[in-house]
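Below is one structure; the comments refer to it alone.
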Amino acid sequence: MELQIRNSIRFLLNDKVVERTDVSPTETLLDFLRLDRKLRGTKEGCAEGDCGACTVLVGRLFNGLLKYESVNACIRFVGSLDGCHVVTVEALAGSDGTLHPVQQAMVDTHASQCGFCTPGFVMSLYGLWMQNAKPNIQEIEKSLQGNLCRCTGYAAIIRAAESVTAIGDLNKDPLVTERARVTQQLLALKDGKHVVLGEGKQRLVLPANVDDFADVLERNPGATIVAGSTDVGLWVTKFMREIGPVVFLSHLDDLRLITEDDDRLMLGAGVSYTEAYPVIIRHFPQLTELWNRIGGEQVRNMGTVGGNVANGSPIGDTPPALIGLGATVQLRKGNNRRSVPIEKYFIEYGKQDRAPGEFVEAIHIPYLGSDDIYRVYKISKRLDEDISSVCGAFRITLDERGRVENAIIAFGGMAGTPKRASAVEASLTGAVWDEGAIEKAAAAFSDDFTPLTDWRASADYRLLVAKNLLRRFYLETGGEKLVRLNRYEPAFG
Amino acid sequence: MNVVQPMTRIRGGVHEKQPHESGHKHVSGTAEYIDDMAEPSDTLHAYLGLSHRAHAEIVSIDFEAVKLCAGVIGVLTVDDIPGHNDVSPAGKHDDPVFAVGKVEFHGQPIFAVIAETRQIARQAASKVKIAYRDLDHVTDVLEAEKANYPLVIDPLKLERGDIAVGLAGAKNRLNGEMRIGGQDHFYLEGHIAFAIPGEDDEVTVFSSTQHPSETQHMVGHVLGIPSNAVTVNVRRMGGGFGGKETQANLFAAVAAIAAKKYRRAVKIRPDRDDDMIATGKRHDFHVAYELGFDDEGRIEAVDATFSARCGFSADLSGPVTDRALFHADNCYFYPNVRLRSRPLKTNTVSNTAFRGFGGPQGMVGGERMIEEIAYALGKDPLEIRKANFYGGEGRNLTPYHQTVEDNIIPQIIAELEESSEYAARREAIINFNRHSRIIKRGIALTPVKFGISFTKTEYNQAGALVHVYTDGSIHLNHGGTEMGQGLNTKVAQVVADEFQVDLDRIRITATTTAKVPNTSATAASSGSDLNGMAAANAAQQIRARLVQFAVEQYGVAKEEVFFEPNTVRVGDRLIPFPEFIKSAYGARVQLSAAGFYKTPKIHWSRSEGRGRPFYYFAYGASVSEVSIDTLTGEYQVDRTDILHDVGKSLNPALDLGQVEGAFVQGMGWLTTEELWWDAKGRLRTHAPSTYKIPLASDRPRTFNVQLATWSVNREETIRRSKAVGEPPFMLAISVLEAISMAIASVADYRISPRLDAPATPERVLMAVERLRSAGKEL
């Protein structure tokens with residue numbers, strides 16, 4: 001079937017339709033807002049998606065439903081906004097200057113000092129309020145993991161977040177009352193066409209669907225694939241890399257499918273961490289803490305599990321967990337599909353088992369058996385919104401005599417790729433699951449890994465923690481309490 | 001006929017909780033920062049080119065590829081500097097704008113690209129080709145000592161009593177050392193300057209600076225023009241914390257040089273990574289100490305050396321390392337004491353002011369000594385603290401020979417100890433630790449005494465300008481800068497109070513060197529103390545003229561004129577303030593005044609190490625409870641209780657915010673914020689992805705913060721308030737020491753954990769391991 005072509009990017013910015021034919025593949029939403037539209041309430045704090053000063057809301061349709069999420073405008077490309085509704089801080093106060101309930105709450109509780117991070121906090125709290133009118137402290141903190149404030153110590157901001165509903169009625173909020181109209185507008189913008197702008201390195205493509213994506217990529221094997229841009233965004237803002245031509249895929253509904261089969265879960269490559277969350281924690285409650293600690297809320301709203309795997313970082317949050325679960329990566333080139341066990345996908349640092357023109361289409365995750373004991377531990381310098389210094393996944397089954405039948409142990413942060421601890425696994429397999437076996441197996445970590453020293457941790461610390469995480473795993477399986485810190489009630493374990 | 005309803009009080013006077021004057025603009029995104037200002041359409045953008053070597057001779061620089069980039073207007077180098085290639089605030093000519101011939105740290109500015117857009121300038125700057133000849137480099141303090149690196153400025157020695165006799169006579173002696181890491185300011189708004197050329201040699205610079213007058217002088221110095229040709233403006237900063245006291249000067253200078261050269265407006269704003277690489281931070285310290293004490297833990301002698309990583313130039317390292325010594329005693333009397341500073345040169349960015357200004361490092365060192373004594377004697381560190389507090393005859397003289405006259409720490413400690421149930425919780429924690437195998441807990445109560453005043457006496461002055469317009473509205477300007485601390489709000493409250501008008505009648509305006517000259521940095525927590533007084537002085541001058549006017553106009557006695565809420569009572573007449581002002585104008589009364597203030601009583605001789613450097617002290621204390629995971633070194637702060645002294649608060653809401661914010665910032669410094677240099681001398685933690693400041697989920701799970709509402713400054717400060725910016729930063733020491741106690745539990749509290757800062761999970765785990773193996777040998 002011949003696809004219809006459009007040569008413009010169209011989206012809603014607050015209450016106006018934007019249509020542009022001159023979008024560069026690397027133009028960020030933040031630059032567009034500040035430099036082009038002179039909407040300077042949205043601030044640049046870090047240009048890498050870590051401080052949240054540039055937080056805006058992006059509403060996008062999925063299966064006809066409109067959902068608003070907080071995102072980092074600094075690493076979000078304009079090209080990825082086709083068919084979306086961008087809401088900036090300028091849209092919140094009434095035309096008569098009446099502050100929005102979130103804004104009024106922030107003023108009333110003295111939650112701004114220098115004020116530079118404040119619009120970003122306002123937008124994050126607005127995003128939270130729309131999903132949860134009466135959030136508890138844990139939910140508030142989770143929604144603010146991607147927002148840094150250097151002045152207030154956060155206490156006043158938390159007080160603001162707790163008081164929004166006492167100030168205003170969510171049902172009267174414009175994004176709620178206008179939802180039906182905006183949905184219609186976005187449906188009209190989302191015309192299912194193949195969008196292409198620019199030439200050569202400046203070319204920007206939005207495939208119409210996954211088949212089109214496969215086709216585009218096969219014909220442009222050198223193109224950069226951009227899903228959530230939480231990684232690629234930094235190639236542009238920090239390393240000033242040319243990445244064109246670029247193929248965007250965040251608008252592809254058929255890559256955002258989550259399928260729960262009898263024996264496995266399938267995540268389309270475009271599924272964000274936030275979208276995956278409910279189904280992930282239902283099937284794998286052991287991943288709740290890990291999932292809650294991936295990036296900040298904005299990064300979880302943008303970033304995809306597929307991208308986390310596809311880019312092959314040795315310190316990605318999900319690969320060790322997915323190796324532990326025996327996940328497979330579904331790759332596609334043109335109309336040819338193949339599956340590889342996820343651990344085989346990571347060949348060496350910076351090199352993955354992905355041919356030119358090939359892409360990650362889905363991740364398949366088999367469910368755990370009732371006998372499987374499985375845990376994942378992430379260790380980082382700061383609890384939240386930090387990259388792992390070490391991340392370990394442990395999975396064993398024991399036979400009726402208490403011997404280890406099967407052991408899968410995988411680590412991030414210990415080598416150039418996410419990698420299994422085969423010597424440790426071998427040491428454990430067949431052994432009686434007791435302290436002696438653990439100590440013997442712990443010694444094998446130095447056969448498996450020669451970690452690096454860097455700013456996140458020293459080699460010695462990484463090795464010691466890897467061993468200690470095995471000990472933690474053992475203690476938890478033995479039912480010992482108080483084996484891990486928990487700021488709130490234990491999520492699992 | 002006007003019917004005046006007398007109000008009992010004005011809205012927004014002193015001692016009231018008032019929102020930040022820009023609060024409603026912060027939340028709606030309409031508060032304007034320099035990068036938000038409308039630019040002339042021909043504005044150019046500058047971007048710095050930085051050194052890629054820690055220490056090297058520059059053999060050659062090739063700008064060809066830079067200049068070939070479309071949109072590049074030119075390249076600025078030292079040859080474009082008409083005046084001096086120097087922005088040294090210490091007057092030592094050791095701080096070039098652009099490095100010449102040699103680079104002394106990785107990230108040192110060498111040139112700037114000027115282009116049509118920031119993006120072009122930034123990309124072009126990366127295309128330079130520089131050939132270097134590497135020289136040996138040193139980034140670490142102890143390595144600098146070993147390599148005989150010079151001191152960047154004369155060291156300080158504070159001495160009192162006889163250290164040799166004191167040590168020799170002490171029943172117990174110990175010595176030790178500690179490393180204390182530095183800290184990046186991580187103001188959310190990075191450095192920025194925007195220069196607009198004027199007629200003749202004039203230039204106007206909008207700069208995110210805490211010290212507009214110095215920025216003005218530096219721009220003049222670099223351009224070779226007098227100060228009267230330079231105007232520096234700043235409406236607000238998106239955070240400063242000391243990072244914009246001197247570090248803004250280079251950016252302002254580069255923007256001004258380019259603006260004059262190209263006769264166009266020029267803006268410069270580094271990317272966050274470059275901001276963190278190229279600008280100074282809190283000094284890292286190494287402290288070596290020897291102590292003498294009796295069996296009760298009473299200190300008899302302290303001999304300590306504080307060595308600091310100063311970076312390649314002096315900057316403010318002199319006064320910073322001085323202040324470390326001034327606070328090494330914290331709240332404790334040292335009968336015999338010798339404290340020495342070692343401000344060492346290193347091949348790192350030149351370190352600078354940061355909230356507390358060396359005081360926190362000094363105090364952490366002092367508190368480490370208390371901890372050492374406690375573990376040596378097997379006592380609760382709080383007991384050792386109490387035994388050593390200043391107080392009583394012959395026990396109130398500091399190492400710098402200032403008598404502590406306003407000591408309220410015993411009362412603060414007593415109240416906090418009770419309200420936080422310290423003793424019971426400590427016992428419960430020790431009991432918990434006996435039974436919990438992996439998770440261990442710790443608690444610590446630590447005090448703070450912080451000296452208020454610039455130790456550079458001449459900085460303790462301020463000016464303000466107040467105009468009353470004929471409609472009764474008031475225009476307020478002062479020499480302080482607003483960086484989030486609420487200074488403008490507080491000063492406006494003072495002026496509202498002086499005139500007895502509602503706060504919304506006062507309009508606070510951008511700080512500018514054209515209105516109030518020769519100002520001091522907004523630093524050393526002194527903003528409200530100095531500028532509040534200067535503004536009050538200006539208002540009082542106008543008020544005196546108004547009283548005189550009323551006396552003449554209505555034939556009443558001076559004593560019959562009262563400024564009442566929004567009204568002036570003259571005899572038995574009640575005149576609305578605007579009406580009264582209008583008639584004063586009609587009678588040709590001057591309705592504008594320049595106010596001035598200088599802090600009384602202070603003096604300081606650095607060469608003798610003697611004087612009264614501080615007008616008064618601010619006090620506070622905190623109790624923190626933490627849990628640590630002895631398998632991974634992870635930790636969390638379960639609860640913190642704070643009681644802090646701000647005298648009679650000008651604005652309790654803003655002061656509470658300062659205390660909460662300072663505590664969390666201090667906690668970040670002592671826990672997760674780590675500056676990490678690699679073997680090539682490159683700072684590798686230079687963005688929020690690698691440098692971890694606290695998040696909302698890092699703040700204490702339970703966080704009880706109180707101001708000591710009974711406290712009144714015994715000195716005649718503005719409305720008897722006390723400075724609040726820096727002192728509460730050091731309340732965070734309780735977190736470090738609580739972690740320390742949790743670690744100590746693995747060896748039954750018999751060994752001092754000697755935990756270095758920042759206490760990252762790695763340092764905590766390694767300390768646990770160290771104590772476990774040492775504990776086995778006991």
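Quantities reported herein were computed from a predicted structural model and do not represent experimental measurements. Here is how names work: the chains are called A, B, and so on, in the same order as the sequence lines, proteins then strands, and each is numbered from 1.
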Fill in: Salt bridge present between A:Glu480 and B:Arg437 (N-O < 4.0 angstrom)
yes
Item to complete: Let me know if A:Ala457 has heavy atoms under 4.5 Å from chain B in its side chain, its backbone, both or neither.
Response: both
Worksheet item: Contact part of A:Ile158 toward chain B, heavy-atom cut-off under 4.5 Å: side chain, backbone, both or neither?
Response: side chain
Worksheet entry | B:Met766 versus chain A, the contacting section by heavy-atom distance below 4.5 Å | side chain
Item to complete: Let me know which of B:Gln485, B:Gln658, B:His20 forms a side chain to side chain donor-acceptor pair (under 3.5 Å) with A:Gln113.
Response: B:Gln658
Discussion item. Using side-chain heavy atoms (C-beta onward) and a distance below 4.5 Å, is B:Asp271 in contact with A:Glu44?
Written reply: yes
Discussion item. Between A:Ser380 and chain B, with a heavy-atom cut-off of 4.5 Å, which part of the residue counts as in contact: side chain, backbone, both or neither?
Written reply: backbone
Fill in: chain A contact via B:Asp36 - which portion, at a heavy-atom distance below 4.5 Å
both
Fill in: Which atoms of B:Leu765 approach chain A - backbone, side chain, both or neither, heavy atom under 4.5 Å
side chain
Worksheet item: Which region of B:Arg122, side chain (C-beta onward) or backbone (N, CA, C, O), has a non-hydrogen atom less than 4.5 Å from a non-hydrogen atom of chain A, or is it both or neither?
Response: both
Worksheet item: Quick one: does B:Glu189's side chain have a donor or acceptor within less than 3.5 Å of a partner on A:Gly45's backbone?
Response: no
Fill in: Donor-acceptor contact below 3.5 Å, side chain A:Tyr154 vs main chain B:Pro694
yes
Worksheet item: Most heavy-atom pairs under 4.5 angstrom with chain A, which of B:His185, B:Met667, B:Arg118?
Response: B:His185
Fill in: Any side-chain heavy-atom pair of B:Val27 and A:Pro119 under 4.5 Å
no
Worksheet item: Sub-3.5 Å donor-acceptor pair from the side chain of A:Glu90 to the main-chain atoms of B:Gly29, do we have one?
Response: no
Worksheet entry | Residue part contacting chain A, namely of B:Ala687, when any heavy atom lies under 4.5 Å | both
Discussion item. The test is side-chain contact (heavy atoms from CB on, under 4.5 Å); show your working for A:Arg150 and B:Ile693 and say whether it passes.
Written reply: CA-CA 8 Å; A:Arg150 193 54 153 166; B:Ile693 73 169; 3.5 Å; yes
Discussion item. Any carboxylate oxygen within less than 4.0 angstrom of a Lys/Arg side-chain nitrogen, looking at B:Glu634 and A:Arg487?
Written reply: no
Worksheet item: So do the side chains of B:Asp629 and A:Arg472 get within less than 4.5 Å of each other, counting heavy atoms only?
Response: yes
Practice prompt. Can you tell which part of B:Pro758 gets under 4.5 Å to a heavy atom of chain A, answering side chain, backbone, both or neither?
Written response: neither
Worksheet item: Given that the side chain runs from C-beta out, which part of B:Ser126 has a heavy atom under 4.5 Å from chain A: side chain, backbone, both or neither?
Response: side chain
Practice prompt. Anything in residues 34-43 of chain A with a heavy-atom distance to chain B below 4.5 Å? Please list those residues in order.
Written response: A:Arg34, A:Arg40, A:Gly41, A:Lys43
Fill in: Any B:Asp678 side-chain heavy atom under 4.5 Å of A:Asp454 side chain
no
Discussion item. Using a strict threshold of under 4.0 Å (side-chain N to carboxylate O), is an ion pair present between A:Glu141 and B:Arg699?
Written reply: yes
Worksheet item: Mind checking whether A:Cys51 and B:Leu188 have side chains closer than 4.5 Å, heavy atoms only?
Response: yes
Worksheet item: Heavy-atom distance under 4.5 Å to chain B: side chain of A:Lys238, backbone, both or neither?
Response: both
Worksheet item: By a 4.5 Å heavy-atom criterion (distance strictly below it), what part of B:Phe663 contacts chain A: side chain, backbone, both, or neither?
Response: neither
Worksheet item: For B:Ser22, is it the side chain, the backbone, both or neither that has a heavy atom under 4.5 Å from a heavy atom of chain A?
Response: neither
Item to complete: Pick one of side chain, backbone, both or neither for B:Ser627, based on which atoms fall under 4.5 Å of a heavy atom in chain A.
Response: both
Worksheet item: Can you tell me if A:Lys381 uses its side chain to pair, donor with acceptor, with the backbone of B:Tyr691 under 3.5 Å?
Response: no
Worksheet item: What part of B:Leu675 lies closer than 4.5 angstrom to a heavy atom of chain A: side chain, backbone, both or neither?
Response: neither
